[in-house]
Amino acid sequence: MIIVPYYNIVIVPGINLFFQNNYFREVAQERAETGKDIACLMLKENKSRETMSPEDFYPIGITGTIEAVDNEGNVKVRTIERVNIDTIEVTADAIEVTFSKRPQVEDLTPEETAERFENVRAAFARNLQNSPIGMIARNYIQQWGSLGEMVATLSDRLNISNEEKYQILAADTLSEQTERMEQAVYQYLEADKVRKEAAEAQESQNEKIYREQAIKKQIEFLQNELDEMHPENISDVRKFEKKIEASGMNETAHAEAVKVLNRMKQEGKDGHEYGMLYDYLDFVTSLSWKKEEMYPVDLKEARKILDADHFGLDKVKRRIVQQLAVMTLNQKQSGSILLFVGAPGTGKTSIGQSIAKALGREHVRVSLGGIRDEAEIRGHRRTYVGAMPGRIMDGIKRSGVSNPVVVLDEVDKLAKDYGGDPSSALLEVLDPEQNSTFTDHYMNVPYDLSDVLFVCTANTTDTIQEPLLNRMEVIQFPGYTASEKFQIAKRHLLPRAMEEMGIHPEKLKVSDSTLRTIISDYTMEAGVRGLKKRLDTLCRAAAVRLVEGNNRGISVAPGQLQKYLDSKPLLHDHMLEQKQPGVVTGLAWTQAGGEILFIEAVFTKGKGNVIITGQLGDVMKESVQIAVSLAKSRFPEKAELFEKNDLHIHVPSGAVPKDGPSAGITLTTAIISLVTGKPVSPKIAMTGEVSLRGCVMPIGGLPEKLMAAVRAGITTVFIPVENENDLDEVPSEVKKSLEIIPVHMVSDVLEKTGLC
């Protein structure tokens with residue numbers, strides 16, 4: 001049996017047809033014989049004989065008999081019956097098929113079939129009445145013996161797809177098959193009328209339906225042709241139709257987009273709302289709506305990336321790796337929202353890029369500093385002039401994916417005013433139970449944020465609202481030690497600065513001692529942002545010298561820094577040279593890291609007043625009152641001293657505001673040192689809040705304070721007992737340089753300092 005593949009032809013049982021395709025001509029010449037059986041198998045796509053595979057064929061075929069082969073190689077076939085293709089094997093030499101009969105329900109009588117065929121043929125003849133070749137064509141169509149032969153002859157002209165042509169063969173009832181063929185012919189006739197611009201009234205409702213279908217298909221076909229020929233001239237409406245269908249939006253978003261598109265059609269390009277509607281559709285169709293696949297994370301590679309991008313921060317890296325491991329096990333976005341808290345320049349923002357790189361995702365940074373209006377988070381409603389989406393959805397759009405790593409920078413600097421509360425709006429964004437249906441007011445449709453990895457940064461948690469803070473896990477970024485800053489400068493900052501300035505590594509040599517001098521004498525911060533600026537300044541100065549003709553290269557020694565950096569060394573607070581009663585060294589935390597401060601107390605003739613200077617805040621003023629009361633209660637015999645003198649307490653650097661409870665123990669010790677006349681060693685510093693019971697209570701920012709103590713030359717530090725656990729976060733380099741003494745009561749401090 002000869003196997004004949006075919007494509008885009010309508011073949012039904014009981015018809016005569018000619019195969020004139022080049023492929024069939026080759027088959028006819030080599031193997032076709034009159035009376036030989038054949039099986040016709042329909043291809044899903046038009047393919048050459050060499051590229052066919054079993055998956056390329058539809059499961060229903062048709063058998064037939066070769067009735068004639070002419071001298072030109074054309075084969076006349078009489079089709080017999082439909083068959084189910086049971087097995088099919090395609091080799092280089094042949095196509096092997098086994099099949100079984102597929103009966104068809106004959107639910108139309110021969111008379112009904114003939115009548116319907118005559119109706120279609122009559123309609124075809126009427127369509128040719130005004131045609132120049134009408135007479136010849138009418139003679140030709142009289143030769144058709146059935147509706148099947150008519151449709152087979154018109155196969156390449158019918159406005160139906162290959163799949164629709166196959167559905168005619170696959171129809172299991174004669175009535176369905178006839179109806180499909182009638183519909184195909186009527187669509188062809190109506191399309192022919194459209195092409196001739198005939199405006200004849202339709203004779204029946206059925207013909208109106210066929211006409212509408214034909215017009216729609218014809219318009220779509222022509223529009224596609226125009227779009228392919230002139231893609232630059234595609235109309236806005238057509239462009240958005242395609243983008244909406246290809247976007248993969250959820251049902252709600254799709255319905256809203258179609259609704260806006262219809263308004264845009266009605267509005268027209270000259271309409272006053274056209275621009276607003278265009279911007280909306282452009283935004284929603286630019287978003288990635290498709291869910292991205294979650295790939296396993298190589299934790300070894302992730303650690304390597306984190307270590308390569310950031311020196312130190314071991315605890316932070318360990319927590320990030322834990323988060324990645326949880327995501328790998330769950331195969332979805334899970335775990336806490338991480339909040340990185342620390343001084344500027346400690347790597348909080350840049351580590352977000354490293355997380356994105358480790359996950360193989362896009363990275364987006366959204367700055368929240370100074371935002372006062374809730375609409376900056378949720379977006380503006382489209383009824384307002386100049387409405388825009390919120391920063392969250394704008395960041396998602398910029399990423400181009402639905403699962404980026406989004407760094408929400410400076411959440412501690414969110415403000416609140418008449419425009420609403422941005423912090424409350426962020427609750428929905430960061431809550432895993434709610435953000436799967438986050439609705440931006442501008443979009444007015446839900447968007448799934450559950451696959452987005454949010455990372456937040458802040459300098460302090462003091463200004464973050466409690467409900468928002470509860471959504472996040474706080475990870476402290478301690479300041480860098482001098483040795484860590486040296487490694488960061490040598491490995492990252494200096495090479496990057498030289499590359500940005502176009503300086504070849506051989507042209508500029510900065511010694512290790514020079515780097516350490518920059519760190520110790522020209523910066524005073526917990527992070528490395530100021531250090532980066534200094535290195536940039538040095539490289540710019542070196543670039544000028546190189547351009548001016550210094551081809552031998554430049555080597556920068558510590559003594560030349562003042563010339564290259566165009567600035568004098570900074571004045572750091574160092575421990576006092578001499579000890580004196582009433583002066584004690586304290587430790588303070590600032591947003592730029594830790595600092596030491598001196599508490600100075602002195603008695604002057606007066607009436608028992610307490611004078612406080614140094615621009616202290618309310619909390620610190622209360623600490624002064626507590627310290628005075630503690631001193632009076634501990635030394636009642638010195639009551640006359642307090643009554644006949646004014647106590648003046650001063651904290652130097654009066655232009656800098658200071659506040660916080662952690663100076664309580666320092667204030668108490670300074671007053672008692674003044675009262676007893678016994679000085680405290682300047683090598684001793686302390687931090688801790690005090691109560692009227694004399695208890696030393698815990699404080700925050702211990703790692704930064706201890707680093708400041710080491711930098712200032714302090715050797716001994718008193719800390720509250722309850723802060724002992726915080727020592728795990730302190731670099732070992734710092735702990736080795738200090739004698740750290742936990743204390744529980746004020747009396748412990750007085751005993752160890754020799755004041756009692």
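- His441 contributes no side-chain N or O that, together with a main-chain N or O of His380, makes up a donor-acceptor pair within less than 3.5 Å.
- By the 6.0 Å contact criterion, NZ on Lys532 is open, its count of non-hydrogen atoms from other residues, nucleotides or ligands being 12 or less.
- Taking 4.0 Å as the cut-off between side-chain N and carboxylate O, Glu473 and Arg319 count as a salt-bridged pair.
- For the pair Ile88 and Ile95, the minimum side-chain heavy-atom distance is below 4.5 Å.
- The pair Arg263-Glu267 does not count as a salt bridge, with every side-chain nitrogen at least 4.0 angstrom from each carboxylate oxygen.
- Within a 6.0 Å sphere centred on CD of Glu499, heavy atoms belonging to other residues, nucleotides or ligands number 12 at most.
- Within the 3.5 Å criterion, the main-chain N or O of Ala253 finds no donor-acceptor partner in the side chain of Glu256.
- Between Arg378 and Glu428 there is a side-chain heavy-atom pair separated by less than 4.5 Å.
- Taking a cutoff of 4.0 Å between a charged side-chain nitrogen and a carboxylate oxygen, Glu176 and Arg180 qualify as a salt bridge.
- Electrostatic pairing of Arg82 and Asp172 counts as a salt bridge here, judged by a charged N lying under 4.0 Å from a carboxylate O.
- Two residues are said to be in side-chain contact when any heavy atoms from C-beta on lie closer than 4.5 Å; Leu359 and Met327 meet this criterion.
- Between Phe57 and Met52, some side-chain heavy-atom pair lies under the 4.5 Å cut-off.
- Pairs passing the side chain to side chain donor-acceptor pair (under 3.5 Å) check and including a residue from residues 276-285, sequence neighbours excluded, read Lys239-Tyr278.
- Thr457 contributes a side-chain N or O that, together with a main-chain N or O of Glu410, makes up a donor-acceptor pair within less than 3.5 Å.
- Listed for the Lys165 side chain is a donor-acceptor partner under 3.5 Å among the backbone atoms of Asn8.
- For the atom pair Ile320 CD1 and Leu338 CG, the distance stands at 7.0 Å (nearest 0.5 Å).
- Put simply, the side chain of Leu468 reaches to within 4.5 Å of the side chain of Leu427, judged on heavy atoms.
- For the pair Arg382 (side chain) and Ala387 (backbone), a donor-acceptor distance under 3.5 Å is absent.
- A heavy-atom distance below 4.5 Å is not found between the side chains of Ile396 and Val364.
- Judged by distance alone, the side chain of Asn262 and the main-chain N or O of Lys259 form no donor-acceptor pair under 3.5 Å.
- For the pair Lys291 and Ser450, the tightest heavy-atom approach, listed with the atom from each and the gap, is NZ-OG, 4.3 Å.
- Side-chain contact check for Asp309 versus Ser350: every heavy-atom pair is 4.5 Å or farther apart.
- Taking the six-membered ring for Trp and thresholds of 30 and 60 degrees, Tyr447 and Trp289 have ring planes more than 60 degrees apart, a perpendicular arrangement.
- Side chain of Thr173 to main chain of Val105: no donor-acceptor pair is present (N/O by atom type, distance under 3.5 Å, no hydrogens or angles).
- Between Asn162 and Tyr58, some side-chain heavy-atom pair lies under the 4.5 Å cut-off.
- For NZ of Lys44, the number of neighbouring non-hydrogen atoms (other residues, nucleotides, ligands) closer than 6.0 Å is greater than 12.
- Of the possible polar contacts, none joining the Glu376 side chain to the Leu368 backbone as a donor-acceptor pair under 3.5 Å is found.
- Atom NZ of Lys47 has more than 12 neighbouring heavy atoms from other residues, nucleotides or ligands inside a 6.0 Å radius.
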Report task. Begin from the C-alpha positions of Gln183 and Glu179 and carry the test side chain to side chain donor-acceptor pair (under 3.5 Å) through to its verdict. Result -> CA-CA 6 Å; Gln183 185 174 0; Glu179 185 176 343; over 6 Å; no
Report task. Walk me through it: do Arg361 and Glu292 pass the test side-chain contact (heavy atoms from CB on, under 4.5 Å)? Result -> CA-CA 10 Å; Arg361 297 193 191 181; Glu292 301 290 339; over 6 Å; no
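- A salt bridge links Asp394 to Arg398: at least one charged side-chain nitrogen sits closer than 4.0 Å to a carboxylate oxygen.
- Residues Lys265 and Glu241 are paired through a salt bridge, judged by an N-O separation under 4.0 Å between the basic side chain and the carboxylate.
- Of the possible polar contacts, one joining the Ser402 side chain to the Lys290 backbone as a donor-acceptor pair under 3.5 Å is found.
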Requested in this report: Let me see the working for Thr98 and Asp86 under side chain to side chain donor-acceptor pair (under 3.5 Å), right down to the final yes or no.
Outcome: CA-CA 6 Å; Thr98 63; Asp86 297 328; 4.8 Å; no
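- For Asp412 and Thr460, the side-chain atoms include no donor-acceptor pair closer than 3.5 Å.
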